[in-house]
Amino acid sequence: MLDISYVRENLDEVRRRLATRGFDTTVLDRFEELDVRRRRAITEHGDLAAERNRLSPEIGALMKEGKNDEAEAKRLRVKALKEQIDALDAERDAAEHDLNEIMFGIPNLPHESVPVGKDESANVEVRRWGAAPELGFEPLDHVTLGEKHGILDLPRAAKITGTRFPLTLGAGALLERALMNFMLDVHTREHGYQEVLPPVIVNSDSLFGTGQLPKFEQDLFKLDYERPYYLIPTAEVPVTNMFRDEILEADSLPRKMAAHTLCFRSEAGSFGQDTRGIIRVHQFSKVELVWCVRPEESYAVLEKLTDDASEILRRLGLHHRVVALSTGDFTSSSAKTYDIEVWIPSQHTFREISSCSNFEAYQARRAQIRYRPEPGAKTQFVHTLNGSGLAIGRTWVAVVENYQQADGSILIPEALRCYMGGLERIG
RNA sequence: GGAGGGGUAGUCUAAUUGGUAAGGCACCGGUUUCGAAAACCGGCGCGCGAAAGCGCUUGGGGGUUCGAGUCCCCCCCUCUCCGCCA
């Protein structure tokens, strides 16, 4: 959520910057009208309430003195005031409700360094690492390789649950576990992240805090339970919300956490995309990196975070690139996002394996995550950031495809062997 | 799931059985001091307002009342005990 007084005072600038995201800014016309109506109701409420608050204790005093007639007169006056106040409150609540609907739907303002464009064609590649493996033969895709080695069984996953669910086994399951441990070890032992193992079911307040609700409910799995509980689409939700409604100690910042969880996405609206394999599934495993920082350092941290995630791919020897997403291509809550894309041989292209975003105060304002810059100072919203470090399902695909050999076997990257009991090769 | 105790501003703690949130600590500013400590004065949740001010705020939401921290209803969290369970 944006700062409402910032929007009020910089309406034209807000309009202009949101337009670069392809956001329909006509709702901002209603914003002005509702904002004025709301504030007028609040002011008038204040005037009437002041009179009520003055009279009300007088009634008690009069009654104690036995002056019941005088008390009765004032009582009637206060009762009339109350009716007017209730009417104003109803007006304020209505305006506030509509205003909130607008504010909750407004995406973050893109940072000035973000390339402007209406979709992914305007994204800018900022760097590239390594080279695609020279296989010397037409690469098999991960589904074919997985079936061939008995490490991936999608037909059975479809039987157990339905389409778009993963089932790895044997060395395939071990590879997933190895990737998880490898990533967590690098981030916690070398990059200084605190390890977190959070709930994977969250309430609607948490999803509101990070921005998935109310606008993107269709992307989530909602549980049939007596309360509105959802499966997490990413560990960003529980980990960021650890600090919801808290005032953090200034010297505890920056907070940096790494969490491995399963993630669940309904993938509504993506029928027909990536239907083969486990690139796009309803359930996947991911290591997520989350930061809470002082506002002034958030852009330096975004670079650091992106590099921490990239380090995993460097250690695995996987060809990849970092892309600055354009204004038209990144998630609503973010002010700036880098995607890290890994080379997928069977598709002859790069595919997203991590998304690293600076949300500035957008999430912190929704989730009320604050800190006190120094003793006695007013509290301020922190900046939050997060990025995948990395999506394990897609890393699995990248390893299997990039390390396939002419004889059909799959070489295990050096960095993972100690996590796989010394296994050097599958098949 | 059952029984009982709790939830008050950053923190700790009051509030005549309904009368409009009092204090302590920490922190900030000022006075004092060579400087500091102590002491004293003021500030110390959010909102509206140019300001003076005014309003809102006792876990959340409803209700009764001229008036609710206090009474009634629903819900959340937490502590103790019992039951169940991995």
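Chain A is the first sequence line, chain B the second, and so forth, proteins listed ahead of strands; every chain is numbered from 1. Treat the numbers as computed from the prediction; the structure is a model and nothing was measured. No hydrogens, no waters, no symmetry mates; every other heavy atom, side chains included, goes into these values.
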>> Does the structure show a Watson-Crick or G-U wobble partner for B/C25, both distances under 3.5 Å? Name it, or say none.
In response: B/G10

> Is the backbone of A/S206 close enough, under 3.5 Å, to the side chain of A/T210 for a donor and an acceptor to pair up by distance?
Replying inline: yes

> Which comes earlier along RNA chain B counting from the 5' end, the contact point of A/R54 or that of A/R370, where each point is its nearest nucleotide?
Replying inline: A/R370

> Which base, if any, makes a Watson-Crick or G-U wobble pair with B/C40, both distances under 3.5 Å?
Replying inline: B/G30

> Hey, does A/R77 reach any base, or is it just sugar-phosphate, or nothing, if we go heavy atoms under 4.0 Å?
Replying inline: nothing

> When rounded to the nearest Å, what value does the distance between P atoms of B/G43 and B/A36 take?
Replying inline: 23 Å

> B/C44 and B/G7: how far apart are their C1' atoms, nearest whole angstrom?
Replying inline: 23 Å

> In whole angstrom, what separates A/D93's CG from B/G47's C1'?
Replying inline: 14 Å

> At under 4.0 Å between heavy atoms, what does A/I247 touch on the DNA or RNA strands: base, sugar-phosphate, or nothing?
Replying inline: sugar-phosphate

>> Please verify the inter-ring angle class for A/F221 with A/F165; under 30° counts as parallel, over 60° as perpendicular, anything in between as tilted.
In response: tilted

> Would you call the rings of A/Y193 and A/H191 parallel, tilted or perpendicular, where under 30° means parallel and over 60° means perpendicular?
Replying inline: perpendicular

> Quantified in whole Å, what is the P atom distance between nucleotide B/G29 and nucleotide B/U17?
Replying inline: 43 Å

> A/Y225 OH to B/C76 P: how many Å, rounded?
Replying inline: 9 Å

> Any idea which of B/C56, B/C54, B/G47 is nearest the A/R52 side chain?
Replying inline: B/C56

>> Quick check on B/C56: is either OP1 or OP2 less than 4.0 Å from any side-chain nitrogen or oxygen of A/N53?
In response: yes

>> Mind checking if A/R8 touches a base, just sugar-phosphate, or nothing, with heavy atoms under 4.0 Å?
In response: sugar-phosphate

> C1' atom, B/G62 versus B/G49: distance in rounded Å?
Replying inline: 32 Å

>> With a 4.0 Å limit, can you tell me whether A/K82 has a side-chain N or O closer than that to the phosphate oxygens OP1/OP2 of B/U65?
In response: no

> Does the A/D339 side chain pair with the main chain of A/A324, one donor and one acceptor, at a distance under 3.5 Å?
Replying inline: no

> Between B/C28 and B/A37, how far is it from one P atom to the other, in whole Å?
Replying inline: 10 Å

> What is the base-pairing partner of B/U80, counting Watson-Crick and G-U wobble geometry with both distances under 3.5 Å?
Replying inline: B/A3

> Is a donor-acceptor pair below 3.5 Å formed from side chain A/T43 to base B/C48, judging by atom type as modelled?
Replying inline: no

> With both distances under 3.5 angstrom, what nucleotide forms a Watson-Crick or G-U wobble pair with B/C56?
Replying inline: B/G45

> Picking from B/C56, B/C54, B/C46, which would you name as closest to the side chain of A/T379?
Replying inline: B/C46

> What integer distance in Å separates A/I42:CD1 from B/G47:P?
Replying inline: 11 Å

> Is it true that A/H383 and A/Y299 have ring centroids separated by less than 6.0 Å?
Replying inline: no

> Between atom CD in A/Q84 and atom C1' in B/C66, what is the gap in whole Å?
Replying inline: 15 Å

>> What is the distance, to the nearest angstrom, from the CG atom on A/L88 to the P atom on B/C54?
In response: 19 Å

> In whole angstroms, how far is the C1' atom of B/G49 from the CZ atom of A/R39?
Replying inline: 10 Å

> Quantified in whole Å, what is the P atom distance between nucleotide B/C34 and nucleotide B/A15?
Replying inline: 46 Å

>> Taking the C1' atom in each of B/A14 and B/G6, what is the distance between them to the nearest angstrom?
In response: 16 Å

> Taking CZ from A/R244 and C1' from B/G60, how many angstroms apart are they, rounded to a whole number?
Replying inline: 13 Å

>> Using a 3.5 Å distance criterion without hydrogens, assess whether the side chain of A/R394 forms a donor-acceptor pair with backbone atoms of A/E352.
In response: yes

>> Suppose you measure atom C1' in B/G69 against the same atom in B/G19; what distance do you get, rounded to whole Å?
In response: 13 Å

>> Please identify which of these residues, A/R255, A/R366, A/Q363, meets the side-chain hydrogen bond (donor to acceptor under 3.5 Å, both in side chains) condition with A/T384.
In response: A/Q363

> Now, which nucleotide makes the Watson-Crick or G-U wobble pair with B/U70, with each of the two distances under 3.5 Å?
Replying inline: none

>> Both A/I4 and A/E51 contact RNA chain B. Which one's nearest nucleotide lies toward the 5' end?
In response: A/I4

> B/G19 phosphate, OP1 or OP2: any side-chain N/O from A/R75 under 4.0 angstrom?
Replying inline: no

>> Does A/R40 reach a base, just sugar-phosphate, or nothing at all? Heavy atoms under 4.0 Å.
In response: nothing

> What integer distance in Å separates A/R227:CZ from B/C77:C1'?
Replying inline: 9 Å

